[in-house]
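Start at 1 with the first residue, then count along the sequence.
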Amino acid sequence: MADKGKQQAAAFDWRWLAPRFWPTWLGLGCSALLQWLPAPWRHTLGRVLGRRLLGGSDKRCAIIRTNLQWCLPELSGQHERIIERYLGYAGQTMLDFGFFWWAGRRRFQTQIDIEGEALLQSQLEQGRRVMLITPHMLPIDFGGMALSARYPMVSFANRARNPLMNRFMTRGRTRFGLELFSRDGGLRPIIRGMKAGKILYIMVDEDLGPRDSVFAPFFGIDKATLTSTARMAAMTEAVVMPCVTYFNAQTGRYAFRIMAPLENFPSGDAVQDATQINRALERVIRLAPEQYMWSLRIFQTFRDGSPPPYTMKGKPGSGPRPRPASVVKRER
């Protein structure tokens, strides 16, 4: 019996030949061809396209600017430079998807380095179960794919609205054996996979609302933070190791860096555990702040019910506003 919520690449559907999917086919075809370009050429082209095409969206840039003002006020003089670099890296990542989806295993490995693998090996050799937690970096898929070529792994992922794109994204993410589940399938298949010895690779920086969340500081601001990370660690007796994927301009390759396990985690205190997770995420984001997905709506839920700081339809009062005071009151 198949696990509920398990994602697998769908079989070809003749409806995907309809005109509304032609732009998707064109994009997929171009990405497949561009994988054969030398990496420096592809990266340069991607950065130019990213700045020109993605930078044309006032809505996207407004979200990025708000997040930077809230999260990195100490870098206020560098925000526009960070935005420019972010858009460039976003374009580069989009073009590199073709390479990471279709390149053979050996070619794949020439473009990504795994750092800190000895830390992971040490935990596995001790018979420990492992959870790798990461923020939403632009090349986040590449790190998970690279590690899944070496170890059995499970992860969560949201389905893309475009079924054709979802088919190729799922195929790319799972082509080295990663088992992928949707969140609506619950935690049971993930727990079962971890108890069978698979590594969990999970993004833990989303604001999914007040349910099953507590408020903990993230860059000094109260943020709704899921408690499921600590609960899964407790249920499986797993160590929790922060990790991050980013493009290393010095090597010209992507890096997937694994950090030492969190200490005294879980503690049994939901707010303390959420705070420790968010601090770990802050540390890895600061390794490459221009490659974090600042275009996401990071802050959507507030303790006092305030609307989001992004202009959103159906959310009266939403829109840009000053960064709140960096005071986080402890919940009881």
Side-chain angles (χ1 to χ4, degrees), residues 2-3 5-12 28 31-36 39 42 92-125 128-160 164-183 185 189-204 238 241-248 251 253-259:
D3 282 317
K6 186 171 183 179
Q7 296 190 39
Q8 295 175 312
F12 179 81
L28 291 169
S31 69
L33 291 174
L34 288 170
Q35 68 156 311
W36 298 106
R42 189 173 61 248
Q92 172 184 317
T93 303
M94 287 195 318
L95 294 196
D96 274 342
F97 267 107
F99 178 86
F100 285 98
W101 282 351
W102 287 296
R105 189 179 294 240
R106 289 185 180 179
R107 286 186 66 225
F108 180 106
Q109 292 174 341
T110 64
Q111 292 301 306
I112 187 163
D113 300 314
I114 297 179
E115 303 170 0
E117 188 173 4
L119 294 171
L120 175 62
Q121 283 278 19
S122 174
Q123 297 300 321
L124 296 175
E125 288 171 0
R128 303 299 303 273
R129 299 180 180 119
V130 175
M131 293 176 60
L132 295 177
I133 61 170
T134 184
H136 277 78
M137 305 297 284
L138 288 167
I140 187 172
D141 282 348
F142 305 161
M145 292 166 64
L147 200 67
S148 70
R150 306 190 188 196
Y151 303 92
M153 294 175 62
V154 291
S155 186
F156 284 118
N158 295 322
R159 289 186 173 89
L164 175 57
M165 182 59 70
N166 186 72
R167 191 264 181 200
F168 280 92
M169 290 179 67
T170 302
R171 173 191 173 277
R173 289 166 171 168
T174 62
R175 71 188 186 113
F176 295 132
L178 173 72
E179 288 192 347
L180 199 61
F181 296 88
S182 57
R183 291 185 184 276
I190 293 293
I191 298 298
R192 185 158 50 243
M194 291 180 67
K195 288 186 175 180
K198 296 183 174 74
I199 297 169
L200 173 60
Y201 181 59
I202 185 172
M203 289 65 76
V204 295
M241 306 178 72
C243 63
V244 63
T245 308
Y246 63 97
F247 180 75
N248 187 333
T251 64
R253 297 187 298 275
Y254 290 91
F256 180 66
R257 183 181 295 187
I258 303 169
M259 311 294 188

>> With heavy-atom distances below 4.5 Å as the criterion, would you say the side chains of Gln121 and Tyr151 are in contact?
In response: yes
> Is the backbone of Ser182 close enough, under 3.5 Å, to the side chain of Arg159 for a donor and an acceptor to pair up by distance?
Replying inline: no
>> Working to the nearest 0.5 angstrom, can you tell me the gap between Met169 CE and Asp141 CG?
In response: 6.0 Å
>> Quick one, Trp36 and Trp102 - any side-chain contact, counting heavy atoms below 4.5 Å?
In response: no
>> Determine whether the aromatic ring centres of residues Phe108 and Phe176 are separated by less than 6.0 angstrom.
In response: yes
Output side-chain donor-acceptor pairs under 3.5 Å for residues 194-201, partner residues at least two apart or in another chain, one line each.
{"unit_1": "Tyr201", "atom_1": "OH", "unit_2": "Ile140", "atom_2": "O", "d": "3.0"}

> Can you tell me if Ser148 uses its side chain to pair, donor with acceptor, with the backbone of Gly177 under 3.5 Å?
Replying inline: no
> Roughly how far, to the nearest 0.5 Å, is CD of Glu115 from CG of Leu120?
Replying inline: 14.0 Å
>> Apply side-chain contact (heavy atoms from CB on, under 4.5 Å) to residues Leu95 and Ser31 and explain how you reach the verdict.
In response: CA-CA 6 Å; Leu95 294 196; Ser31 69; over 6 Å; no
>> I need the Met137 CE to Cys243 SG distance, nearest 0.5 Å.
In response: 10.5 Å
>> If I compare all heavy atoms of Ile258 with all of Leu119, which pair ends up nearest, and what's the gap?
In response: O-CD1, 3.7 Å
> Between CZ of Phe142 and CZ of Phe99, what distance do you get to the nearest 0.5 Å?
Replying inline: 9.5 Å
>> Would Arg167 and Trp101 count as a cation-pi pair here, with the cationic atom under 6.0 angstrom from the ring centre and within 45° of the axis?
In response: no
>> Please give me the minimum heavy-atom distance between Arg253 and Thr110, naming the atom from each residue.
In response: CD-O, 2.9 Å
> Where do Ile202 and Met131 come nearest, in terms of heavy atoms and distance?
Replying inline: CG2-CE, 4.5 Å
>> Please give me the minimum heavy-atom distance between Pro139 and Thr93, naming the atom from each residue.
In response: CA-CG2, 4.0 Å
> To the nearest 0.5 Å, how far apart are OG1 in Thr245 and CG in Asp113?
Replying inline: 11.5 Å
>> On a heavy-atom basis, which atom in Ile114 and which in Arg150 lie closest, and how many Å separate them?
In response: CD1-NE, 3.4 Å
> Hey, mind stepping through Gln35 and Arg107 against side-chain hydrogen bond (donor to acceptor under 3.5 Å, both in side chains) and telling me if it holds?
Replying inline: CA-CA 10 Å; Gln35 68 156 311; Arg107 286 186 66 225; 3.0 Å; yes
> Can you list the steps and then say if Leu28 with Leu164 is a side-chain contact (heavy atoms from CB on, under 4.5 Å)?
Replying inline: CA-CA 10 Å; Leu28 291 169; Leu164 175 57; 4.2 Å; yes
>> Please report the interatomic distance CG(Asn166) to CG(Asn158), rounded to the nearest 0.5 Å.
In response: 10.0 Å
> With side chains defined as the heavy atoms from C-beta onward, is the minimum distance between Glu179 and Met153 less than 4.5 Å?
Replying inline: no
> Where do Gln111 and Ala39 come nearest, in terms of heavy atoms and distance?
Replying inline: OE1-CB, 3.6 Å
> Tyr254 and ring pair (Phe, Tyr, Trp, His ring centres under 6.0 Å): which partner among Phe247, Phe97, Tyr246?
Replying inline: Phe247
>> Determine whether the aromatic ring centres of residues Phe156 and Phe181 are separated by less than 6.0 angstrom.
In response: no
> For the side chain of Ser122 and the backbone of Ala118, is there at least one donor-acceptor N/O pair under 3.5 Å apart?
Replying inline: no
> Yes or no on side-chain contact (heavy atoms from CB on, under 4.5 Å) for Gln7 and Thr174, after CA distance, side-chain angles and deciding distance?
Replying inline: CA-CA 9 Å; Gln7 296 190 39; Thr174 62; over 6 Å; no
